[in-house]
Amino acid sequence: MDTVVRVEGLSKEYRLGVIGNGSLYRDIQSWIARLKKKDDPWSEIGGQSRVGRRERFLALKDVSFEVRRGERLGIVGRNGAGKSTLLKILSQITAPTSGSIKIKGKVASLLEVGTGFHPELTGRENVYLNGAILGMKKSEIDRKFDEIVVFSELDNEFIDTPVKRFSSGMFVRLAFAVAAHLDSDILIADEVLAVGDAKFQQKCLGAMKDASENQGRTVLFVSHMITALQQLCTKGILLEHGSLVEAGTMDQIASRYQKLLAET
Amino acid sequence: MAARDKKCEDWDLVITPKDKVLWLDIKELVQYRDLLNLLIRRDFVSMYKQTILGPLWFVFQPLMSTIMYMFVFGSIAQMGTDGIPQPLFYFTGTMLWTFFSITLTKCQDTFNSNAGLFGKVYFPRFTMPIAYTVNSFFTFIIQFLFLIIFYVFYLITGTAVHPTWWILFTPVLIIQVALLGMGIGILISALTTKYKDLRQLVSFGLGLLMYATPIVYPLSKIPSKWKVVFLVNPVTSIVEMFRYAFLGNGMHNFWIWGGSFVSTLLIFWLGVITFNHNEKTFIDVI
């Protein structure tokens, strides 16, 4: 089996606190004050100048791992461990500070359900818009449209209603139905199942597992729901304070994570 | 390093800290053409959905401006129009200026108005400014057709309008307006992301810049010692050339226009570089 995702020495650094003063004229005042070697008029009393300050925070520290084709990788860790940052870099939303990621195949990433849904547009129009935003072609959506509607369990009469009139459950089901029909080699999903009822959650997990086992799709899945992770994933990695603590089978990682939670 | 890996193993996507992208990834934009289509249609339809005048709105605005200019600058201030009928003179000016300023205003706000979307899903960010530009281009075309109707009416009644062969040149001028508005827009989009108050400055500055461009008066009214200042503004020669092409009066120096065209391309290219650089990191700043 070949590697489809290779993450090497990945780090991400964020600047902490206020970045600049938020308005140009304040920044200019601060710069002028610094040039004149006077106190920054916008710094807190007794504090440092905001502009020159370099407080940094490493959200990810030298993370490396590999994922093979058809594997389902669960990413676990406590709040602030760097899970979402990792997914954001994998989805090309923000660039890493150092290190690299190499990917083989088409990636679909689902960091939020219903991204790009426009409240004024109808369910049908949103399926097309959302699908296109996630990287589908129009012909592809045409082909899968009926399947999507069936999966979402939405009544046909609702599909031409603006989504602002949908209940939140209907909204989520339709949004996930679009995502579930993405034709990608790699699916990246962040805590997307927290919404929707238990029955629909099971259906989504089933759909992801199916796609992985039958079509060889690779899944990278972040969740706090250990049972869902154990049900879906084969492998797992544990992140803590931005570092990769352990990589192994999902069961290993799950028990290690639960031990970690119990410690604190 | 990326090149070496490409050789031994065939990766489809390599994510590294800095990609120095100096030009547009046309191939990627073509892959997302369906998205581009949908975005354009969405914006265009939502612009006149639930309005009384519908698409007529696009003509109503420049028409009212023209009437206002005829009254204020034509009748009260007596600025003159180089012998061009006043409605045609002001309408061409305001039409071109609106195209330029709307494109610029929309494009400079790309990151702010799409922060929620850009923070959650990747697609080529450049589709957004393209969609905005194409939309204001459609608006422009509607106004342009309206102008043509007026124009033909004036030609038939035999008023002093003299079309020249430069008319064949107008597509180039229109593309130049689009590139210029988009170029400046994406160039400052990085700044407006960081400094929100710059947005007010942009709309205010555009309002002022209009009076520094021969929109409500002909360039010939400007004293020759100040002309250089006006010709530095690339919009000046576009407007003047456009008027010369259709109405037979205005500046038509090929070399001055050439200069403005080259600077337009330069601004656009700088805009693309800044935009490419910004799209990788803006989400950490906004």
Side-chain angles (χ1 to χ4, degrees), chain A residues 2-7 10-15 19-27 88-116 118 120-121 125 128-141 185 190, chain B residues 1-2 5-6 8-19 28 30-39 41-43 45-46 49-50 114-125 127-128 191-201 276-286:
Chain A
D2 49 346
T3 306
V4 287
V5 179
R6 177 179 289 163
V7 177
L10 197 71
S11 296
K12 175 71 183 178
E13 184 182 72
Y14 282 109
R15 274 204 270 165
I19 302 168
N21 291 309
S23 82
L24 186 55
Y25 95 98
R26 286 186 176 188
D27 266 6
K88 271 190 180 167
I89 299 172
L90 274 165
S91 329
Q92 287 181 270
I93 284 160
T94 181
T97 312
S98 63
S100 70
I101 300 176
K102 291 168 190 138
I103 294 173
K104 232 179 263 181
K106 197 176 160 215
V107 184
S109 87
L110 205 58
L111 301 195
E112 182 188 67
V113 164
T115 309
H118 195 287
E120 296 289 338
L121 299 180
E125 290 166 326
Y128 278 92
L129 187 63
N130 188 238
I133 286 173
L134 292 172
M136 280 203 251
K137 296 233 172 347
K138 190 175 169 292
S139 54
E140 212 178 315
I141 307 170
D185 305 313
D190 185 7
Chain B
M1 189 181 150
D5 282 323
K6 271 253 160 77
C8 353
E9 288 173 324
D10 210 12
W11 299 104
D12 294 313
L13 175 68
V14 178
I15 302 171
T16 48
K18 275 194 186 83
D19 293 309
E28 197 184 25
V30 170
Q31 275 172 6
Y32 278 84
R33 63 186 179 277
D34 287 335
L35 173 64
L36 195 56
N37 264 331
L38 280 166
L39 288 174
R41 196 175 311 158
R42 180 192 71 176
D43 289 349
V45 169
S46 67
K49 229 178 195 178
Q50 295 190 357
N114 294 300
L117 192 55
F118 285 2
K120 290 296 177 191
V121 59
Y122 175 80
F123 55 89
R125 303 326 189 192
T127 45
M128 282 295 174
L191 284 173
T192 52
T193 312
K194 198 170 175 197
Y195 304 111
K196 311 275 178 200
D197 52 353
L198 212 61
R199 278 191 281 177
Q200 265 97 320
L201 192 68
N276 285 344
H277 177 74
N278 199 34
E279 72 169 26
K280 298 247 151 55
T281 49
F282 92 98
I283 207 72
D284 306 334
V285 176
I286 203 160

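Here is how names work: the chains are called A, B, and so on, in the same order as the sequence lines, proteins then strands, and each is numbered from 1.
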Task: Residue B:Arg41 versus chain A: region with a heavy atom under 4.5 Å - done: neither

Task: Which of A:Lys12, A:Gln92, A:Lys88 touches chain B most, by non-hydrogen pairs under 4.5 Å - done: A:Gln92

Open item on the list: Which atoms of B:Tyr32 are under 4.5 Å from chain A, going by heavy atoms: the side chain, the backbone, both sets, or neither?
Closed with: side chain

Task: Max heavy-atom pair count under 4.5 Å with chain B, selected residue of A:Thr97, A:Leu129, A:Val4, A:Ile133 - done: A:Ile133

Open item on the list: Is it the case that the side chain of B:Asp34 and the backbone of A:Lys138 share a donor-acceptor pair, with hydrogens and angles ignored and the cut-off at 3.5 Å?
Closed with: yes

Task: Which atoms of A:Leu90 approach chain B - backbone, side chain, both or neither, heavy atom under 4.5 Å - done: backbone

Open item on the list: Let's test your reading of the structure: which of B:Arg125, B:Lys120, B:Glu279, B:Arg33 forms the most heavy-atom pairs below 4.5 Å with chain A?
Closed with: B:Lys120

Open item on the list: If I take atom OG1 from residue B:Thr127 and atom CG from residue B:Asn114, how far apart are they, to the nearest 0.5 angstrom?
Closed with: 8.5 Å

- [ ] Considering non-hydrogen atoms only, spot the tightest contact between A:Ile93 and B:Gly119 and give its length.
- [x] CD1-O, 3.6 Å

Task: Least distance between heavy atoms, A:Ile89 atom then A:Pro96 atom - done: CG2-CD, 3.8 Å

- [ ] Kindly compute the distance separating CD (B:Gln31) from NZ (A:Lys106), expressed to the nearest 0.5 Å.
- [x] 8.5 Å

